[in-house]
**Student:** 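Here it is: the structure, laid out below.
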Amino acid sequence: MGNERAGASPSEAASATVAALLRASALPALEARILLAHLLGWRRTELITRADEPLAAAKVALWHQLEARRLAGEPIAQLVGAREFYGLEFEVTPHVLIPRPETELLVETTLDAIAGRARPRVLDLGTGTGAIVVAIASARPDAQVWAVDRSAEALQVAARNAARLLDAQRPGGPLTLLQGDWYAPLDATSDLRFDAIVSNPPYIASDDPHLAQGDLRFEPRGALTDEADGLSAIRSIVANAPAWLAAHGMLWIEHGYDQAVAVRALLAERGFDGVRSVCDLAGIERISGGELPPSAPSARTGEIRYHL
Ligand code: GLN
């Protein structure tokens with residue numbers, strides 16, 4: 001009793017409150033609230049209603065560790081282990097790209113592309129968290145869904161997200177996960193053909209300074225850059241798509257803010273019809289795609305590989 005007004009003292013940490021920690025934090029207020037709510041397991045509203053409740057010293061010590069990691073640049077999504085995408089909460093680890101809001105455009109556009117098709121088959125190349133294909137599968141329970149990634153760690157994250165977010169009884173069945181480069185792990189002797197192929201591939205050029213900034217410093221480099229001009233993964237995906245698409249099947253790819261013209265040219269050269277790009281909310285041409293005409297070349301005569 002009696003010494004609540006004392007300055008710094010060992011008892012101060014023990015009597016710290018959310019209000020005091022938020023006041024003292026060097027983090028932007030919104031970030032501090034997200035991290036504190038995560039650490040305490042509280043709802044964001046509880047940070048207000050319970051702002052003056054004394055916190056355990058162990059929690060306060062953990063807070064200071066978490067705050068220091070964020071101040072050193074670690075992404076919020078990695079610190080809380082999750083990010084919302086298309087209204088679903090995806091597990092995120094340092095082994096996967098953090099889902100971005102602009103990638104929801106790829107989901108919406110693909111859902112439009114398969115709107116008139118029953119039990120459509122959808123393939124996601126370089127799935128990472130699985131956000132794209134799981135969001136599509138969640139909106140279209142009848143869709144049959146495949147996901148490929150080169151990273152075993154990423155596939156484990158995608159598998160957990162699919163298991164948690166998709167109904168085990170969905171008519172399209174479970175997500176099929178395959179490890180390898182682009183189309184390589186698919187069975188070339190099968191008669192499998194997709195109604196839609198989607199991808200958010202690594203499209204940042206290896207010398208782009210953004211790789212050394214912000215969240216990107218902490219994300220897997222292989223999910224961000226092709227270690228070349230930024231278009232080599234897209235070249236491989238476009239070149240081999242006709243061998244895996246059904247007649248009228250659609251390919252949609254996310255790309256960088258300045259790559260739309262080049263990606264449309266690759267699609268047109270490969271024989272795609274109706275090639276177009278769609279702008280994200282910032283007005284940037286963010287995804288490009290097209291439809292495979294029924295007459296397009298489609299034999300599986302070995303995969304065409306570009307650098308990567
Ligand atoms: N959209 C990401 C970024 O620029 C890059 C993702 C990617 O390379 N596929 O931050």
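For ligands, and for the atoms within them, numbers begin at 1 and follow the listed sequence. If you're wondering where the values come from, they're calculated on a predicted model, not measured in any experiment.
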**Student:** Let me know which protein residues bring a heavy atom to under 4.0 Å of ligand 1; chain then number is fine for ordering.
**Tutor:**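 Answer by chain and number: Leu97, Arg100, Glu102, Asn200, Pro201, Pro202, Tyr203, Ile204, Leu216, Ala223, Leu224, Glu254.
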
**Student:** Would you check if the side chain of Arg170 reaches a backbone N or O of Arg140 as a donor-acceptor pair within less than 3.5 Å?
**Tutor:** yes

**Student:** Do the charged groups of Arg100 and Glu254 touch, with an N to O distance under 4.0 Å?
**Tutor:**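 Not counted as a salt bridge, because no side-chain N and carboxylate O are separated by less than 4.0 Å.
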
**Student:** Can a donor-acceptor pair be found, under 3.5 Å and without considering hydrogens, that links the side chain of Asp280 to the backbone of Glu102?
**Tutor:** no

**Student:** Looking only at side-chain N and O atoms, does Ser25 offer a donor or acceptor that is under 3.5 Å from a partner on Glu67?
**Tutor:** yes

**Student:** I'd like to know if the side chain of Arg121 reaches the main chain of Asp195, judged simply by a donor and an acceptor atom lying under 3.5 Å from each other, with no hydrogens or angles considered.
**Tutor:**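 Such a contact is absent between Arg121 side chain and Asp195 backbone.
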
**Student:** Under the side chain to side chain contact (heavy atoms under 4.5 Å, CB included) test, which residues partner Arg217, sequence neighbours left out?
**Tutor:**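 Expected list: none.
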
